[in-house]
S.K.: 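For reference, the structure I am asking about is given below.
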Amino acid sequence: MNIIAKRSASWVRGCVWYLERRALQESPRRFLHLLRNVNQQWVTFQHFNFLRHMYVTRLNRSFNQQIKPKPEPVPSPFLEKASLDEAKTEIYKMRPLSPPSLSLSRKPNEKESLELEPTPVIEGSIAVGTETKEEKQWKEMKLRVDDLPGILARLSKIKLTALVVSTTSAGFALAPAPFDWPCFLLTFVGTGLASCAANSINQFFEVPFDSNMNRTKSRPLVRGQISPLLAVSFAACCAVPGVALLTWGVNPLTGALGLFNIFLYTCCYTPLKRISIANTWVGAVVGAIPPLMGWTAATGSLDAGAFLLGGILYSWQFPHFNALSWGLREDYSRGGYCMMSVTHPDLCRRVALRHCLALVAMSAAAPALDVTTWTFPVIALPINLYISYLGFRFYRDADRKSSRKLFFCSLWHLPLFLLLMLTCKRPAAQGDAGGPQS
């Protein structure tokens, strides 16, 4: 048995030796045969298994191996500090090298050099990330005299004051009385001062709530640009001479309306904004009083025409403000204000549409009360129908797009409406012509 096992092992070793010798003799012949017959044919991976992970190309009838290029290195600037006492620093930036095309024909002794160029930088131009102790401390905001007019203009809501003065002027011009320029100027200035005082006191009361709203968080008192004492002092300096001008310069009735309007806006409308949606109706009354003041300044009395003008301003404010508040519902919610658009959205849209239609009815009432001619309701009908159409779209769609269209329409509707009333004003009778009573 041992003899048979030894013979079998020797026979196996002989077979393995024969196969290895045969393979060594055959491989060079096949390799040379492939090189002689390659000519215009590509060498594939099936012929050379050892080139499995290479890219094989043909160039000038010679075989070149092309290595997959490495990704381009990202240049990283680094900062060298020579010492803490140096007044200047230098930043050395490494130039990024374009990746060279490597080939078999490249000479091995080729070298590229990396150049470092110093760039002087003035001290203080580089933010290292450290803050000084003074930068971390709270700084007191200093009031400059140059900024004071702009701050006081924003404190008094100058655009809203301009609207109040313009409606007062329209009431003065539409009154059936001769136009008295000195009385008009006193009314103009007195009403403007009263409006500035009311708006300033309103912002003084609403600082904690305005700070939560994106629309009002940049107001002067919220940002601390002026002190509350300065705001109250400015309001007092506007209210006292404003009411005095209206009372003794124009007539006591106009002065009483001005004082009542300041009280209604600051002591009723302002706190009611956080209690009930009735604040919108109270605010509409505040906006309806200025044309009454213009009428009484010219005539010295409250006539039916004065209440008609007040009613027009009263109704106009609902589509104007309701459309505005619809896009600010989130803001009013953060501020803690109780608005129709937030708590009663359906009522908000119904009221806006209702008062758009009321403008059409009051336009027809103007000639009946001898304020305008009968031409006015005819030429005012297109703009009234248009704002009513937008009010209906706002009522039906209940989206931001329709509310914005209604709001922007109200901005040009009121001045155009009042201008048409002035052009169609009924001339005053000679016996009714009278000046203001002081």
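Each residue takes its place number in the sequence, starting with 1.
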S.K.: Can you name the closest pair of heavy atoms from Gly287 and Leu313 and give their distance?
M.R.: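 In terms of heavy atoms, the two residues are closest at O-CB, 3.9 Å.
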
S.K.: What pairs meet the salt bridge (charged side-chain N to carboxylate O under 4.0 Å, His left out) rule with one or both residues in residues 196-211, with sequence neighbours excluded?
M.R.: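 Residue pairs with at least one partner in residues 196-211: Glu206-Lys273, Asp210-Arg219.
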
S.K.: Would you name the heavy atoms of Thr373 and Pro367 that are closest together and state the gap between them?
M.R.: O-CB, 3.5 Å

S.K.: Roughly how far apart are Leu359 CG and Arg354 CZ, rounded to 0.5 Å?
M.R.: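 With rounding to 0.5 Å, CG (Leu359) is 13.5 Å from CZ (Arg354).
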
S.K.: With sequence neighbours left out, what residues match Lys217 under side-chain hydrogen bond (donor to acceptor under 3.5 Å, both in side chains)?
M.R.: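 side-chain hydrogen bond (donor to acceptor under 3.5 Å, both in side chains) list for Lys217, sorted by chain: Asn214.
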
S.K.: If the condition is salt bridge (Lys or Arg N to Asp or Glu O under 4.0 Å), which residues does Asp146 pass it with, not counting sequence neighbours?
M.R.: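 Salt bridge (Lys or Arg N to Asp or Glu O under 4.0 Å) check on Asp146 returns nothing, list empty.
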
S.K.: Can you check whether Cys196's main-chain N or O pairs, donor with acceptor, with Asn199's side chain at less than 3.5 Å?
M.R.: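 Not at all, since once roles are kept as given, no pair shorter than 3.5 Å links the two residues.
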
S.K.: Which atoms form the tightest heavy-atom contact between Asn384 and Ser388, and what is the distance?
M.R.: O-OG, 2.7 Å

S.K.: If I compare all heavy atoms of Cys409 with all of Leu390, which pair ends up nearest, and what's the gap?
M.R.: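 Where Cys409 meets Leu390 most closely, the heavy atoms are CB-CD1, 3.4 Å.
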
S.K.: Just by distance, do the side chain of Ser195 and the backbone of Thr191 share a donor-acceptor pair under 3.5 Å?
M.R.: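 Pair absent, no side-chain N/O of Ser195 close to backbone of Thr191.
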
S.K.: For the residue pair Gly335 and Asn212, what are the closest heavy atoms and their distance?
M.R.: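 Closest pair (atom of Gly335, atom of Asn212, distance): CA-CB, 4.2 Å.
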
S.K.: Ser315: what forms a side-chain hydrogen bond (donor to acceptor under 3.5 Å, both in side chains) with it, not counting sequence neighbours?
M.R.: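 Checked Ser315 against side-chain hydrogen bond (donor to acceptor under 3.5 Å, both in side chains); matches are His355.
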
S.K.: Would you check if the side chain of Ser156 reaches a backbone N or O of Ala153 as a donor-acceptor pair within less than 3.5 Å?
M.R.: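 Judged by distance alone, yes, a pair lies under 3.5 Å.
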
S.K.: List the atom of Pro176, the atom of Trp295, and the distance in Å for their closest heavy-atom pair.
M.R.: CD-CZ2, 3.2 Å

S.K.: Sequence neighbours left out, what passes salt bridge (Lys or Arg N to Asp or Glu O under 4.0 Å) with Arg215? Give chain and number order.
M.R.: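 Here no residue qualifies.
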
S.K.: Looking at residues at least two apart in the chain, or sitting in another chain, which of them share a side-chain contact (heavy atoms from CB on, under 4.5 Å) with Ser233?
M.R.: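 In terms of side-chain contact (heavy atoms from CB on, under 4.5 Å), with neighbours along the sequence ignored, Ser233 is linked to Leu229.
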
S.K.: Between Asn322 (side chain only) and Cys348 (backbone N and O only), is there a donor and an acceptor less than 3.5 Å apart?
M.R.: yes

S.K.: Look at atom OH of Tyr395 and say whether more than 12 heavy atoms of other residues, nucleotides or ligands are closer to it than 6.0 Å.
M.R.: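 Result for OH/Tyr395: open.
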
S.K.: Can you list everything that forms a side-chain contact (heavy atoms from CB on, under 4.5 Å) with Phe307? Sequence neighbours excluded, please.
M.R.: Leu302

S.K.: Using the salt bridge (Lys or Arg N to Asp or Glu O under 4.0 Å) criterion, which residues pair with Asp303? Sequence neighbours excluded.
M.R.: none

S.K.: With sequence neighbours excluded, tell me which residues meet salt bridge (Lys or Arg N to Asp or Glu O under 4.0 Å) with Arg329.
M.R.: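 Partners of Arg329 under the salt bridge (Lys or Arg N to Asp or Glu O under 4.0 Å) test: none.
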
S.K.: Using the benzene-type ring in the case of Trp, are the ring centres of Phe417 and Trp316 under 6.0 Å apart?
M.R.: no

S.K.: Which value, rounded to the nearest 0.5 Å, describes the distance between Ile289 atom CD1 and Asn261 atom CG?
M.R.: 4.0 Å

S.K.: First locate atom CD1 of Ile226, then atom CZ of Phe204, and finally report the distance between them rounded to the nearest 0.5 Å.
M.R.: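 Output value for this atom pair is 11.0 Å.
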
S.K.: Using modelled atom types and a 3.5 Å cut-off, is there a donor and acceptor pairing between side-chain atoms of Ser341 and backbone atoms of Ser325?
M.R.: yes

S.K.: Let me confirm one number: the CD-OG distance from Gln203 to Ser200, rounded to the nearest 0.5 Å.
M.R.: 6.5 Å

S.K.: Quick one: are the ring centres of Tyr314 and Trp281 less than 6.0 Å apart?
M.R.: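 Ring-ring flag for Tyr314/Trp281: false, centres at least 6.0 Å apart.
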
S.K.: I'd like to know whether CZ of Arg426 has more than 12 heavy-atom contacts from other residues, nucleotides or ligands below 6.0 angstrom.
M.R.: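 Atom CZ in Arg426 is packed in, count exceeds 12.
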
S.K.: Go through the structure and list residues passing side-chain hydrogen bond (donor to acceptor under 3.5 Å, both in side chains) with Arg154, not counting sequence neighbours.
M.R.: Gln225

S.K.: Drop me the distance from Leu174's CG to Leu422's CG, to the nearest 0.5 angstrom.
M.R.: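 CG of Leu422 is found 4.5 Å from CG of Leu174.
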
S.K.: Can you run down the side chain to side chain donor-acceptor pair (under 3.5 Å) pairs that involve residues 167-177, sequence neighbours left out, and say none if there aren't any?
M.R.: none

S.K.: Answer yes or no: is there a donor N or O on one side and an acceptor on the other, between the side chain of Arg274 and the main chain of Gly336, under 3.5 Å?
M.R.: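 No, because the side chain of Arg274 does not come within donor-acceptor range (under 3.5 Å) of the backbone of Gly336.
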
S.K.: Per the salt bridge (charged side-chain N to carboxylate O under 4.0 Å, His left out) rule, what does the pair list look like for residues 381-394, sequence neighbours excluded?
M.R.: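 For residues 381-394, and leaving out neighbouring residues, the salt bridge (charged side-chain N to carboxylate O under 4.0 Å, His left out) pairs sorted by first residue read Arg393-Asp397.
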
S.K.: Check whether any side-chain N or O of Asn251 sits under 3.5 Å from a backbone N or O of Thr296 as a donor-acceptor pair, and report yes or no.
M.R.: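 The answer is yes, because a donor-acceptor pair under 3.5 Å joins these two groups.
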
